[in-house]
Amino acid sequence: MISQLNIRVYNTLTRQKEPFQTIEPGKVGMYLCGPTVYAEAHIGHMVGPVIFDTIKRYLVYCGFEVTWVVNITDVDDKLIASSRKRGISMAQVATEMTMDYLANLQALGVTQIDYLPRATDNMDEIVRFIEELIAGGFAYANDGDVFFDVTRDAEYGKLSNRTADSQQGEGGGAAAKKRSSGDFALWKSAKPDEPSWPSPWGDGRPGWHIECSAMSRRILGKTFDIHGGGLDLVFPHHENELAQSRCCHGQPMVRYWMHNGLMRAGAAGKVGGKSDRDSAATDSTTDSATEADAAGKISRSKGAGGLHKLIEQQTGERIRFFLLRSQYRSTILFGDEGLEEAGQSLNAFYRLIGRFERLSGQAFYPRVNAAGEVEELAYAKTRSDGHALLAGVSDGLLEELSKLRASYLEKMDDDFNTGGAVSDLFEMSRAINRFIDQQHLEDTKRRTPAGLATLSIAMSVLRELGAIMGLFLKAPKKTGDDGASQTVDGLMKLLIELRAKARASKDFATSDAIRDGLAAVGITLQDLKEGTTWEKA
RNA sequence: GGCGUCGUAGCCAAGUGGCUAAGGCGGCGGAUUGCAAAUCCGCUAUUCCCCGGUUCGAAUCCGGGCGACGCCUCCA
């Protein structure tokens, strides 16, 4: 089964799509660079987790056993700065921000992570790693600091396509201790009052990149399959990680380097800005500088944030769908219009699901029935099961769905092209709605058991493919999941009954007044054959 | 300055050598409806930033230009 798959992955290292072949047949080791937890996460931090969560779901669906690691970097200069500013310990800052990060992941349906190792829990492994690098002649200690010697790595710069001597290197006091400016710190000696850990070179803390090399090795081994992160991490972070690990082990660190595109703030949001260097270098041609600030990269250092609020307003699934609408390597322009549009699209799926549940009496989402058991629409959890379900259908709706399913999978096989695959979901929705219309499944007198049976299978295919993207897994939050819901439901029922009576006696003035009044507060009524339903915008 | 990425309809967004250039949002027309909403059907880019070139054939490859953006410094 697995060997017949034709998955292709874009590899940053080779700058091309390559056939996906794992080191160990049937198994995938995947590492994604997580956050440095010094401040709250912003929307841009969610791009990688959402796409990699989807990649894992897809690989598992295809039959792989996947181990996914996301690191938490909880020791760093910015954490120290933040803890000083707030007068609390670095560990406390880290804990708070880690909780924040995890809550956001949860809200966006990122549930597939297997390990979330923290740098501070892996100090012994980090120190050991550095010792091995020194022993191998790839690193040197100088007055309490340890640096990686980039001149000892002939392949340094290959990932980001740079030459070692084109690097500017960080300035400051550390620069004087380096042999060459491109060398980077593996271990930084502690200044007074800084959090520190003991090491053979004195008390200190790890440099930025080493934790990923150490933790990925501990959990995934010396060479693993996929390493991901944002495009902005290619240099220096991944270049340095790669250099450390390759030199230390004498073997490649990863098979496929995957980088997601960065998010930019739309013109309306002023969370971004051009890089300082760029605007400084530009011979400030009059007014263009101020305009340039209107759209730009989203970054924490420029004050982006408010992710919880955004999730609350938009729902996690909306944001997730918004992110998955485009190919992961492209830049995503973040803005209200896009989110709104994603929401509109999603609503059409929700209506179809509601329609199905209403006319079939079956549960699509998991729900507890009267007997206290959880029931839900059964669906294929694996690619082979899904294939078997539709094998042999030769006409009608199911054949159409079978083709759309094949198209969807083909797009996912091609470097996880979720943006392309989404279109097949839309077409499925349209095909199923058309089927319901044509077979008169809304009409209790005209519908047939066979028609309903076909519908159930069709919906299970939608559920199968939605699940790959982490969509339609549970009922979307309705207006009424809070305390007010029962009251609202009761009021709505009453209004709908009154309106039905008015309509029965052709008193359309009254019925329309009710409908218009509700519309004014954002409630839309839908008159169906079996009664009236309502939905809140 | 060095290294990259991108430029497809009003907007979002697939496609990267050859069937009529996916799909979504929006808009318009129709079916349906008491009227709506929802749903379905049809229409909405003779053309893929511009100019050259390669080719029987290019949105897709090559060269040049224009424009947007990223990295080279902390960043998902």
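Lettering of chains follows the sequences in order, A, B, ..., and the numbering in each one begins at 1.
The A:Ser511 side chain lies nearest to B:G34 when the options are B:G34, B:A76, B:C71. Nearest to the side-chain atoms of A:Arg515 among the listed nucleotides B:G2, B:A76, B:A36 stands B:A36.
Annotation: cation-pi pair A:Arg264/A:Phe334 absent, no NZ/CZ under 6.0 Å from the ring centroid and within 45° of its normal. A cation-pi arrangement is found for A:Arg329 relative to A:Tyr10, the charged atom lying closer than 6.0 Å to the ring centre and inside a 45° cone about the ring normal.
Between the P atom of B:A36 and the CZ atom of A:Arg503 lies a distance of 13 Å, rounded to the nearest Å. Distance CG (A:Leu528) to C1' (B:U32): 12 Å, rounded to an integer number of Å. What separates CG of A:Asp415 from C1' of B:U16 is a distance of 13 Å, to the nearest Å. We find that OH of A:Tyr328 is positioned 15 Å from C1' of B:A14, with the value rounded to whole Å. Between the P atom of B:C41 and the CD1 atom of A:Ile436 lies a distance of 13 Å, rounded to the nearest Å. Rounded to whole angstrom, the span from the CG atom of A:Asp437 across to the P atom of B:G30 amounts to 19 Å. Distance A:Asp76 CG to B:C74 P: 10 Å, rounded to the nearest Å. One atom, CD1 of A:Ile496, and another, P of B:A37, lie 17 Å apart when rounded to the nearest Å.
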Identify all pairs in which a protein N or O lies below 3.5 Å from an N or O of nucleotides 20-27 of chain B, and state each distance.
unit_1: B:A22; atom_1: N3; unit_2: A:Ser423; atom_2: OG; d: 3.3
unit_1: B:G24; atom_1: O2'; unit_2: A:Ser345; atom_2: OG; d: 2.6
unit_1: B:G24; atom_1: N2; unit_2: A:Glu341; atom_2: OE1; d: 3.3
unit_1: B:G24; atom_1: N2; unit_2: A:Glu341; atom_2: OE2; d: 2.6
unit_1: B:G24; atom_1: N3; unit_2: A:Glu341; atom_2: OE2; d: 3.4

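At the heavy-atom level, A:Gln327 lies under 4.0 Å from the strands shown only through sugar-phosphate atoms. Nucleic acid contact for A:Ser407: none, since no nucleic acid atom lies under 4.0 Å from a heavy atom of the residue. Residue contacts for A:Arg499: at a heavy-atom cut-off of 4.0 Å it reaches a base atom on one of the strands shown. A:Asp512 comes within 4.0 angstrom of a base, heavy atoms only. A:Gly34 comes within contact range of the sugar-phosphate backbone alone, with a heavy-atom separation under 4.0 Å but no base atom that close. Note on A:Leu525: a base of the nucleic acid sits closer than 4.0 angstrom, heavy atoms only. At a threshold of 4.0 angstrom between heavy atoms, the contacts of A:Gly338 with the nucleic acid are absent. Residue contacts shown for A:Arg15 are absent, as no nucleic acid heavy atom lies under 4.0 Å away.
Counting heavy atoms from C-beta outward, A:Ile72 and A:Tyr101 have side chains that approach closer than 4.5 Å. Counting heavy atoms from C-beta on, the side chains of A:Met46 and A:Val110 never come closer than 4.5 Å.
Side-chain nitrogen and oxygen atoms of A:Asn260 include none within less than 4.0 Å of the OP1 or OP2 phosphate oxygen of B:A76. Within the structure, a side-chain polar atom (N or O) of A:Asn161 is placed less than 4.0 Å from OP1 or OP2 of B:G4. Put simply, A:Asn417 has a side-chain N or O that comes within less than 4.0 Å of OP1 or OP2 on B:G15. Contact annotation: A:Arg434 side-chain N/O to B:C41 OP1/OP2 distance is under 4.0 Å.
Taking atom P in both B:A13 and B:C74, one finds a spacing of 31 Å when rounded to whole Å. If you take atom C1' in B:C40 and the same atom in B:U46, they sit 29 Å apart, rounded to whole Å. When the P atom is used for both B:A37 and B:C28, the distance is 11 Å, rounded to whole Å. Of the C1' atoms belonging to B:U8 and B:U44, the separation is 16 Å, rounded to the nearest Å. B:C61 and B:U16 have their C1' atoms separated by 9 Å, given to the nearest Å. The gap from the P atom of B:C41 to that of B:C25 amounts to 12 Å, rounded to the nearest Å. Atom name C1', nucleotides B:G15 and B:U54: the rounded distance is 22 Å, in whole Å. For the C1' atom pair drawn from B:A45 and B:C3, the interatomic distance equals 35 Å after rounding to whole Å.
In this structure, B:C35 forms no base pair with any nucleotide, since neither Watson-Crick nor G-U wobble geometry is met with both distances under 3.5 Å. Using N1 to N3 plus N6-O4 or O6-N4 for Watson-Crick, or N1-O2 and O6-N3 for G-U wobble, each under 3.5 Å, B:G42 pairs with B:C28. If you check B:G4 for Watson-Crick or wobble pairing at under 3.5 angstrom, you find it paired to B:C69. Look at B:C56: its Watson-Crick or wobble partner, with both distances under 3.5 angstrom, is B:G18.
Closest approach of A:Lys178 to A:Asp183, counting heavy atoms only: NZ-O, 2.8 Å.
Remark: A:Ser82 pairs with no residue by the side chain to side chain donor-acceptor pair (under 3.5 Å) rule, at least two apart or across chains.
Checked for salt-bridge contact, A:Glu340 and A:Arg318 meet the test: a charged N lies under 4.0 Å from a carboxylate O.
The closest side-chain donor-acceptor pair between A:His209 and A:His238, if any, does not fall under 3.5 angstrom.
With the nearest nucleotide of RNA chain B identified for both A:His209 and A:Arg329, A:Arg329 has the one nearer the 5' end. Comparing A:Ser326 and A:Arg355 along RNA chain B, the residue whose closest nucleotide (by nearest heavy atom) sits nearer the 5' end is A:Ser326.
Checked against the 6.0 Å centroid criterion, the rings of A:Tyr256 and A:Phe20 qualify as a close aromatic pair.
Screening A:Asp415, A:Thr418, A:Thr54, A:Asn417 for a side-chain hydrogen bond (donor to acceptor under 3.5 Å, both in side chains) involving A:Tyr328 leaves a single residue, A:Asp415.
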